[in-house]
Amino acid sequence: MEDLYQWTRLGSEADVATDGVPSYAFGPRMGDGKAPLRDFAGRRPVPDRGTAPFERHLEGIGRGRRLDAPSCS
């Protein structure tokens with residue numbers, strides 16, 4: 001959780017910060033509060049942040065090209 005507090009900006013700090021993720025970019029919370037992903041707010045309350053329906057099971061999306069091959073190190 002320390003990295004969340006270090007790199008996220010809440011309230012008036014979000015308006016003047018030159019780095020990090022401002023609270024207005026966090027997006028909505030999952031309606032039932034049990035999103036299977038990392039929430040930038042952590043456990044901190046963010047005023048005026050709405051909720052939205054999320055998919056129950058995350059689907060991974062991979063992008064690649066037919067000619068892609070593993071890199072050799």
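Numbering starts at 1 and runs along the sequence shown. All values below come from the heavy atoms of this structure, side chains included, with hydrogens, waters and symmetry mates left out.
Within the 4.5 Å cutoff, no side-chain heavy atoms of V21 are placed close to those of W7. Taking 4.5 Å as the limit, some side-chain heavy atom of L10 sits within range of a side-chain heavy atom of F26.
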Task: Candidate pair S23 and R44, rule side-chain hydrogen bond (donor to acceptor under 3.5 Å, both in side chains), full reasoning - done: CA-CA 11 Å; S23 58; R44 300 171 295 173; over 6 Å; no
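Using a cutoff of 4.0 Å between basic side-chain nitrogens and carboxylate oxygens, D15 and R9 are not scored as salt-bridged.
In this structure, the side chain of R49 engages the main chain of G27 through a donor-acceptor pair within 3.5 Å.
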